[in-house]
2 protein chains.
Amino acid sequence: KFDSSCQPIISFLREMKNKRHGMRKVIHSIKVGVALVLVSLFYLLDPLYKQVGDNAMWAIMTVVVIFEFFAGATLSKGLNRGIGTILGGGLGCLAAAFAQAVGGIGRAIVVGIAVFIFGAVATYTRQVPNIKKKYEYGAIIFLLTFNLVVVSGLRAEQVMQLARERLSTIVMGFIICIFTSLLVFPIWASDELHDSFVTRFEDLARSLEGFSKEYFENINEKEKKSSDNFISNCKSVLHSKSKDESLVNFARWEPWHGKFGFSYPWGKYLKIGEDLRDLATIILSLKSCLRPSTQLPEILRQSVKEPCEAIVASLAWTLRELGESITKMRKCGSEETIVPKLKSVRVELSRILTPSTHGTTVENTNGLGLAG
Amino acid sequence: KFDSSCQPIISFLREMKNKRHGMRKVIHSIKVGVALVLVSLFYLLDPLYKQVGDNAMWAIMTVVVIFEFFAGATLSKGLNRGIGTILGGGLGCLAAAFAQAVGGIGRAIVVGIAVFIFGAVATYTRQVPNIKKKYEYGAIIFLLTFNLVVVSGLRAEQVMQLARERLSTIVMGFIICIFTSLLVFPIWASDELHDSFVTRFEDLARSLEGFSKEYFENINEKEKKSSDNFISNCKSVLHSKSKDESLVNFARWEPWHGKFGFSYPWGKYLKIGEDLRDLATIILSLKSCLRPSTQLPEILRQSVKEPCEAIVASLAWTLRELGESITKMRKCGSEETIVPKLKSVRVELSRILTPSTHGTTVENTNGLGLAG
């Protein structure tokens with residue numbers, strides 16, 4: 001009853017959410033356009049061009065390359081680029097100066113050896129899993145800057161001058177990005193992460209209800225289709241790991257905003273995500289109970305229908321309660337409400353599972369019990 | 001018996017595999033170093049420098065940015081970069097010529113509008129899921145080149161000349177990358193994908209055996225630890241989706257080599273991967289049967305031990321057979337060997353599941369039945 005009356009509301013909410021997601025993409029595109037126009041002013045306006053000259057190219061490159069969808073991603077890429085440039089440029093200058101000191105044909109040899117060693121070491125470092133996740137882009141930029149500085153040190157007279165000018169234009173590009181990304185309609189990875197968790201609790205609760213409905217009630221083809229929907233929702237929870245990891249990584253870079261304070265415990269989202277994936281595994285395994293070949297006879301199913309539906313309702317309520325407590329960021333009343341509810345579920349379950357009373361009804365409640 | 005005697009062999013094979021993986025990383029790093037030295041020769045050798053001048057910078061940049069671990073990834077990034085540069089450069093020249101024709105203050109306005117429109121449209125396109133997967137890098141490079149060409153069209157006299165020179169150095173960088181990546185110790189994404197599937201079949205078979213062993217035999221703490229190992233193996237199968245997708249994407253770019261011919265059906269790996277993940281879900285749900293609170297009394301467990309172990313052995317054998325047929329790329333004898341085996345498993349299962357004979361033993365075989 002609840003499910004069928006809520007169906008249009010839920011699908012409406014989903015549509016709204018999709019629309020909002022579409023809108024965000026449009027907003028992001030417009031923001032990138034604006035940032036590019038701003039950075040092009042270095043070329044378009046004569047007084048600015050006289051200041052920076054052709055190095056304005058590096059500002060444009062910075063904006064194109066680091067402006068990402070989420071504010072945290074932009075910040076992370078920008079800082080990686082900045083630090084990579086400084087380190088690479090500094091070491092490049094040192095290596096170029098050393099090569100200069102050697103002089104003669106040795107100069108080219110020293111540069112060649114330095115390029116090889118730094119290239120190999122930086123590439124190896126880039127592949128170390130922990131560095132790959134957070135600092136891969138920085139390692140690429142380090143290598144790029146180092147190479148450009150060390151080889152052009154052979155040709156250009158004033159490497160230091162060149163490096164300084166490039167760095168300053170990169171910083172300008174970075175500032176324009178940060179300005180447009182963080183201050184004008186910011187799109188936060190933290191919000192995305194937070195909201196996605198709320199949806200996941202709801203998705204799992206609805207899948208559980210959907211499976212139980214399909215098992216106990218004679219449903220028609222149209223409703224059968226919606227059960228495919230549950231399965232795909234469960235699977236999307238199951239495959240959320242890499243998305244979660246990158247969102248948490250971005251969220252960590254984002255400054256204090258909205259409801260998320262300093263040192264907000266982002267790591268806990270990873271843990272909750274892991275638990276939700278375990279839960280999704282269990283709920284998905286119920287799917288196999290729906291196959292006609294493994295189903296119990298109608299009469300046996302009806303005999304456990306009522307207690308099972310009550311259990312499913314309790315579990316779904318618990319999931320929604322947990323999801324809501326995350327949405328509203330309040331402590332959920334686990335002591336007072338959730339724990340007693342789960343305890344009564346366990347009692348009910350062990351009553352059904354006791355072989356002497358309903359020997360053959362173990363099959364379908366098994367999975368539900370695990371979900372508790 | 002089989003399991004314990006094979007343990008050291010399997011762990012040795014795993015170690016060898018890890019070592020080989022480590023070696024591949026070292027080889028890749030050395031290859032990048034060599035490619036960088038080669039591309040630096042444009043600066044280091046006077047005759048070459050006289051030819052390309054400061055544009056050699058673009059060759060270095062190309063090598064640093066597109067040289068990826070897998071040959072297919074390098075090819076895909078290189079082609080994306082090439083096509084993006086040509087399209088962006090072409091359209092940029094057109095827009096610059098149009099702005100030139102307008103002249104006066106209108107010139108800057110035309111350039112500004114073009115930068116905004118192309119920036120927004122390219123950014124939006126970049127986010128479309130299908131394009132994001134394969135052509136995101138191309139879209140970035142398109143945008144970058146377009147912007148550089150259109151704004152420097154205002155300042156530089158010979159945009160076309162500049163664009164042609166840059167393109168030719170990018171092509172040189174690309175050739176150096178392809179040469180080092182594909183011809184010297186190539187690391188193929190196709191091999192990685194193929195091998196990972198073989199391992200997955202083996203992992204699932206061993207998890208199944210491990211769970212059954214832990215359920216039916218009294219095992220000690222040390223062996224319990226290895227069951228955590230099974231679980232993490234199953235989970236790594238479960239979370240293989242995004243890795244599979246990117247490997248298939250790279251493998252599609254890779255030219256004919258080794259055992260993989262033209263138009264090799266890479267898409268089928270995605271389908272098999274999906275099925276393996278479904279199977280891993282089911283095997284993982286067996287985990288909950290191991291918890292003491294849900295276990296059946298010892299005597300009941302012993303009564304189904306023999307048939308269940310036979311079933312597990314059949315299923316594990318089937319998985320290994322399928323894995324081996326993929327390794328050796330031969331048609332597996334599904335008609336003659338596998339189908340009869342699975343049929344006998346089904347008969348055996350329905351015998352155990354019949355309520356009248358073993359009413360209470362349904363629980364633990366349930367999950368195993370699904371795995372068939």
Side-chain angles (χ1 to χ4, degrees), chain A residues 25-26 28-30 32-37 40 42-45 49 54 56-57 60-61 64-65 67 69 108 111-112 115-121 123-124 127 140 143-144 147-148 151-152 154-155 238-239 241-242 277-278 281-282 284-285 288 294 353 355 359-360 362-363 366-367 369-370, chain B residues 25-26 28-30 32-37 40 42-45 49 54 56-57 60-61 64-65 67 69 108 111-112 115-121 123-124 127 140 143-144 147-148 150-152 154-155 238-239 241-242 277-278 281-282 284-285 288 294 355 359-360 362-363 366-367 369-370:
Chain A
K25 283 186 188 171
V26 173
H28 170 64
S29 307
I30 291 173
V32 173
V34 170
L36 285 173
V37 171
S40 299
F42 285 122
Y43 270 95
L44 297 180
L45 301 178
Y49 186 73
D54 276 336
M57 186 181 90
I60 295 183
M61 209 178 272
V64 172
V65 174
F67 207 130
F69 191 70
V111 168
V115 165
F116 177 77
I117 292 176
F118 276 85
V121 170
T123 308
Y124 192 84
Q127 296 171 73
I140 296 177
L143 188 52
L144 178 60
N147 275 300
L148 290 182
V151 297
S152 57
L154 286 181
R155 301 287 170 180
L238 211 57
H239 296 144
K241 191 181 165 82
S242 59
R277 280 189 288 278
D278 280 351
T281 314
I282 295 165
L284 258 184
S285 70
S288 346
T294 52
L353 283 168
T360 51
V362 173
E363 187 177 23
N366 180 17
L370 311 176
Chain B
K25 283 186 187 171
V26 173
H28 170 65
S29 307
I30 292 173
V32 173
V34 170
L36 285 173
V37 171
S40 300
F42 285 121
Y43 270 95
L44 297 180
L45 300 180
Y49 187 73
D54 276 336
M57 185 180 92
I60 295 183
M61 208 178 273
V64 172
V65 174
F67 207 129
F69 191 69
V111 168
V115 165
F116 176 77
I117 292 176
F118 277 84
V121 169
T123 307
Y124 191 84
Q127 296 171 73
I140 296 177
L143 188 52
L144 179 60
N147 275 300
L148 290 181
V150 80
V151 297
S152 58
L154 287 179
R155 302 287 171 181
L238 210 57
H239 296 143
K241 190 182 165 84
S242 58
R277 280 190 289 278
D278 280 350
T281 313
I282 295 165
L284 257 185
S285 71
S288 345
T294 53
T360 52
V362 173
E363 186 177 24
N366 180 18
L370 311 176

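Labels below follow one simple rule: chain letters A, B, ... track the order of the sequence lines, proteins then strands, and each chain is numbered from 1.
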### Contacts of type side chain to side chain contact (heavy atoms under 4.5 Å, CB included), residue A:Ala56, not counting sequence neighbours
A:Phe42, A:Tyr43, A:Val52

#### Entry: Heavy-atom pair of closest approach, residues B:Ala108 and A:Leu44
O-CD1, 4.0 Å

### Per-residue contact mode, A:Ser242 against chain B (heavy atom under 4.5 angstrom)
side chain

## Note on the structure
Interatomic distance, CG@A:Asn147 vs CE@B:Met57, rounded to 0.5 Å, equals 12.5 Å

### Message
Quick check on B:Val37 against chain A: is it the side chain, the backbone, both or neither that has a heavy atom closer than 4.5 Å?
### Response
both

#### Entry: Counterpart residues, side chain to side chain contact (heavy atoms under 4.5 Å, CB included), relative to B:Phe69 (two or more places apart)
A:Gln127, B:Arg24, B:Lys25, B:His28, B:Ile187

### Query
If you count heavy-atom pairs under 4.5 Å between each of B:Val150, B:Leu148, B:Ile140 and chain A, which one has the most?
B:Leu148

### Query
Do you know which of B:Val121, B:Val32, B:Val65 has the most heavy-atom pairs under 4.5 Å to chain A?
B:Val32

### Query
Is any side-chain heavy atom of B:Phe116 closer than 4.5 Å to a side-chain heavy atom of A:Leu36?
no

